[in-house]
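To start, the structure itself, in structure tokens.
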Amino acid sequence: MDMSNVWPFPLSLRSKLAAAGYSTLASLQNVSPSALARDINVSREEALRILKTLHGNDKSSSHSSSGSSLLNGAKTAWELLCHENTRRRISTSCAELDSLLGGGICLQEVTEICGAPGIGKTQFSMQLAINVQIPKEADGVGGKVVYIDTEGSFMVERALQMANGCVAHLHSLSLSSLSSEYLDVDTYLSNIYYFRICNCTEQIAVVNHLEKFLEDHKEVKLIVIDSVTFHFRHNFEDMSSRTRILSSMGQKLMHISESHQLAVVLVNQVTTKFSGGISKLIPALGESWSHACTNRLILYWEDNQRFAYMYKSPSLPSVSAPFSVTQDGMCSVNYNKRQRV
Amino acid sequence: MAGRLISGMQLDAPLSHILHARGILTAKDVLCKPETELMELLDLPLSRIRDVIFQTSIDACPPYRSALALKEERESEEGFGHLPTHLMDIDSALLGGIPFGAITEVVGPAGFGKTQLCLMLCVNAALQKEYGGLDGSVIYYDSEHKFHPGRMAEIAQSRFPHVFSDLNNLRKLATSILVYHPHSLDEFISSLDGLENILIEKKVRLLIVDSIAALLQRWTRKPISEAWASSSDNEVNVAKSNLINVRAHEFGCSSMGWLTSSERYLAEAFRIPILVTNQVRISSNSRFSVSRHNEDADTMVHDPELQLTAALGPSWAHSVNIRIILESIGGQRFLKIAKSPLSPVTVHPYKVTNRGLELIGRDNYTCGGDIMQIHIDGKLLKA
């Protein structure tokens with residue numbers, strides 16, 4: 001049925017449309033603005049206006065809505081920049097490491113820590129688990145932590161030592177606005193939700209379960225998986241299925257970190273790679289896993305000192321920073337308290 | 001939890017039937033497959049597959065505990081979760097001693113005192129509570145026939161003369177140590193099957209495997225130097241028809257993985273310490289190769305810095321929780337805590353006496369270079 005004489009356009013436009021064969025709404029349903037512009041010899045903006053006007057009257061069309069939903073989902077870089085400056089970071093208690101990380105471990109990002117056995121990956125994770133709880137009055141994030149332990153290396157005695165160190169540090173800041181619960185080590189321990197995972201099925205299950213867990217526990221601001229490699233190293237004969245499962249796990253974790261605005265820290269191991277007769281240590285789980293994290297830190301020894309190297313980061317330079325581990329936890333190299341290697 | 005049957009979960013009947021019919025019986029079958037594969041297998045829409053995965057995950061996921069609850073558990077445990085070594089500096093470094101529920105490894109060249117340390121810990125574990133022990137039994141896997149009961153009695157009597165001068169106490173001590181001599185890895189693996197019952201019946205408080213490297217060495221058919229030089233995750237392997245491979249295959253994992261997980265399960269489920277001894281091998285980056293089987297004098301190399309490291313490779317190194325290295329520098333023997341979540345790297349000089357191992361002096365030593373490197377003074381390595 002020819003409806004063109006009721007369309008809200010001037011006569012010249014209507015005759016152009018009729019001449020090109022567009023006389024019903026149906027004919028304009030699937031045409032793109034560029035094609036319409038070419039057909040009736042108008043500019044593309046004009047064609048888009050025509051289509052928008054006509055489809056605005058017809059609520060059931062999906063043509064215009066798909067365009068704006070894309071706009072609704074996207075954010076401008078300006079919005080992201082403003083947001084980034086307010087993004088909070090978790091301090092590592094070591095000034096050099098904090099500046100290496102641009103202020104600390106960033107929320108809404110997945111950070112991977114790899115290194116040889118004994119270098120301090122678990123120490124790093126435990127320190128972050130304590131530091132994420134530092135209250136906002138003391139420049140911290142004030143959140144709780146989910147600690148997923150796959151190796152059994154989480155030792156409560158050590159966490160207690162680190163909590164003591166943290167409390168001592170808060171005391172020294174003498175903030176009057178700090179409530180007393182933040183000065184009690186038991187509070188710090190009670191905010192660590194500890195999962196002990198014994199095989200890869202449980203690891204997959206807990207990552208799937210995280211979404212629901214986080215709905216019920218909204219104050220969690222850090223998820224640590226120590227280590228993500230352990231069960232995947234030995235338990236798979238079929239490497240391709242391992243890669244698929246790992247990449248889906250990596251994606252879920254990225255999604256969780258974005259949507260719940262928390263930091264995800266993954267601990268990885270190293271494996272030997274032989275090339276040209278020389279063996280060197282590289283992060284485990286293969287090349288495809290390297291893409292699952294936003295930032296990658298590699299910890300290593302040099303002379304008598306532990307170093308952290310920022311291997312992969314979208315915005316930070318690849319440099320090294322030294323750090324130490326003492327009785328109170330991680331700290332800078334020049335720390336005067338009972339310095340031991 | 002991985003073996004949890006789907007039939008035990010709260011899924012609706014038609015769904016469980018479909019899963020059962022397609023051979024999906026355990027949580028592992030559901031979770032270790034990608035979504036698309038499940039969709040094809042079960043011929044169900046993606047939303048229902050996601051429901052199944054979600055339900056299975058909730059069911060298969062172990063419960064969480066707060067760290068505070070863990071701390072309270074440890075405090076109510078005997079010995080506060082640690083087996084003391086009665087070597088003061090070591091005990092203070094390890095916050096009480098060898099921790100329960102973890103695998104502690106002692107590695108060092110031959111003759112440095114690994115077995116002596118094991119014997120000392122046997123005595124400590126079997127000792128009565130009033131003298132600082134755990135009053136329990138010990139299971140000792142002795143694959144190299146190094147366990148000498150006379151030596152253990154000597155250590156016991158030198159360290160605790162007031163207790164063991166009474167021969168009844170000595171007899172009680174000796175009856176609580178159960179020694180097994182596995183002659184092959186297969187024997188060791190089959191003994192692990194019945195171990196749970198023994199752990200419960202005999203109130204076992206310590207498990208020692210001396211040495212794990214020896215068990216694995218007999219298992220590989222390549223010459224030792226070649227086997228270790230080429231060791232990596234997949235290569236410390238394995239004749240195809242061994243029991244460990246069968247077990248590993250059942251669980252769909254590698255042999256090393258199965259061994260590690262079973263030991264760890266025992267340690268954690270029963271809250272006992274597991275002590276494992278390991279041997280050394282020549283590090284593959286060593287520039288000087290030494291042939292261990294060659295009699296020809298020309299090929300013996302006098303290398304003051306022979307690069308040694310622990311056997312079994314980096315993946316085993318990741319699996320143990322604590323690594324204690326016995327080494328020698330400049331003629332003095334040192335005990336180095338190289339990997340520990342509880343302490344920094346510390347080095348303690350020691351000597352072997354009739355009391356077992358004894359620490360000398362209390363100076364602070366630091367070590368340089370690669371922590372995992374094991375030093376042995378330049379000596380001619382004879383075949």
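Sequence lines set the chain letters: A, B, ... in the order given, protein chains first and strands last, and positions in each chain run from 1. Since the structure is predicted, the reported quantities are computational estimates derived from the model, not experimental observations.
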Q.
Need one label for A:Ala129: side chain, backbone, both or neither, based on atoms under 4.5 Å from any heavy atom in chain B.
A. neither
(Q) With a 3.5 Å distance limit and no angle check, can you tell me whether B:His318 reaches the backbone of A:Val270 through a side-chain donor-acceptor pair? (A) yes
**Q.** Contacting region of A:Ser248 [heavy-atom separation from chain B under 4.5 Å]
**A.** neither
Q: Spell out, as yes or no, whether a donor-acceptor pair under 3.5 Å connects the side chain of B:Arg74 to the backbone of A:Val156.
A: no
Q | Contact winner vs chain B - A:Val146, A:Leu189, A:Thr122, heavy-atom pairs under 4.5 Å | A | A:Leu189
Q.
Do B:Cys32 and A:Cys200 have side chains that approach each other closer than 4.5 Å (heavy atoms only, starting at C-beta)?
A. yes
Q: Quick one: pull up CD1 in B:Ile53 and NE2 in A:His209 and give me the separation to the nearest 0.5 Å.
A: 15.5 Å
Q.
Quick check: do B:Arg323 and A:Pro117 have side-chain heavy atoms less than 4.5 Å from each other?
A. no
Q: Fit a plane to each ring of B:Tyr64 and A:Phe195, take the angle between them on a 0 to 90° scale, and name the class: parallel (under 30°), tilted (30 to 60°) or perpendicular (over 60°).
A: tilted
Q: Measure A:Tyr188 against the heavy atoms of chain B and call it side chain, backbone, both or neither at under 4.5 Å.
A: neither
Q. Considering only heavy atoms, which portion of A:Tyr147 lies under 4.5 Å from any heavy atom of chain B: side chain, backbone, both, or neither?
A. neither
Q) If you round to the nearest 0.5 Å, how far is OG of A:Ser153 from CD1 of B:Ile103? A) 11.5 Å
Q: Show the numbers, then the answer: is there a side chain to side chain contact (heavy atoms under 4.5 Å, CB included) between B:Tyr265 and A:Asn199?
A: CA-CA 10 Å; B:Tyr265 161 70; A:Asn199 52 55; over 6 Å; no
(Q) Given heavy-atom pairs under 4.5 angstrom as the criterion, report whether the side chain, backbone, both or neither of A:Gln203 touches chain B. (A) neither
Q: Look up atom CE in A:Met155 and atom OG in B:Ser340, then write down how far apart they are to the nearest 0.5 Å.
A: 7.5 Å
Q: Flag the pair A:Asp186 / B:Lys71 as yes when at least one side-chain heavy-atom distance between them is below 4.5 Å, and no otherwise.
A: yes
Q: Give, for atom CG of B:Leu68 and atom CG of A:Leu160, the distance between the pair rounded to the nearest 0.5 Å.
A: 9.5 Å
Q: Sort out for me which of B:Glu73, B:Glu268, B:Glu35 touches chain A most, counting heavy-atom pairs under 4.5 Å.
A: B:Glu268
(Q) Please classify the contact between B:Ala317 and chain A as side chain, backbone, both or neither, with a heavy-atom cut-off of under 4.5 Å. (A) both
Q: Examine whether an atom of A:Arg196 lies under 4.5 Å from a heavy atom of chain B, and if so say whether it belongs to the side chain, the backbone or both; otherwise answer neither.
A: both
Q: Enter the distance from B:Lys33:NZ to A:Ile204:CD1 here, rounded to the nearest 0.5 Å.
A: 11.0 Å
Q: Might you point out which heavy atoms bring B:Lys339 and A:Gly118 nearest each other, and give the distance in Å?
A: CG-CA, 3.7 Å
Q: Evaluate the side-chain proximity of B:Ser66 to A:Asn191: yes if any heavy-atom separation is below 4.5 Å, no if none is.
A: no
Q. Under 3.5 Å, is there a donor-acceptor pair between the side chain of A:Gln123 and the main chain of B:Pro341?
A. yes
Q. Which distance, rounded to the nearest 0.5 Å, do you find between the OG of B:Ser319 and the CZ of A:Phe230?
A. 4.5 Å
Q.
For a quick test of reading the model, state the closest non-hydrogen atom pair linking A:Gly152 to B:Asn321 and the distance between them.
A. O-ND2, 3.5 Å
(Q) Using a 6.0 Å cut-off, check whether atom CD of A:Glu219 has over 12 heavy atoms from anything other than its own residue. (A) yes
(Q) Within the 4.5 Å heavy-atom criterion, are A:Asn208 and B:Phe54 side-chain neighbours or not? (A) no
Q.
Could you go through B:Leu95 and A:Gln161, starting from their C-alpha distance and side-chain angles, then the distance that decides it, and tell me whether this counts as side chain to side chain contact (heavy atoms under 4.5 Å, CB included)?
A. CA-CA 10 Å; B:Leu95 301 182; A:Gln161 277 186 330; 3.4 Å; yes
Q. Counting heavy-atom pairs under 4.5 Å to chain B, which of A:Ile119, A:Ile148, A:Ile192 comes out on top?
A. A:Ile192
(Q) For A:Glu287, is the CD atom crowded, meaning more than 12 foreign heavy atoms sit under 6.0 Å from it? (A) no
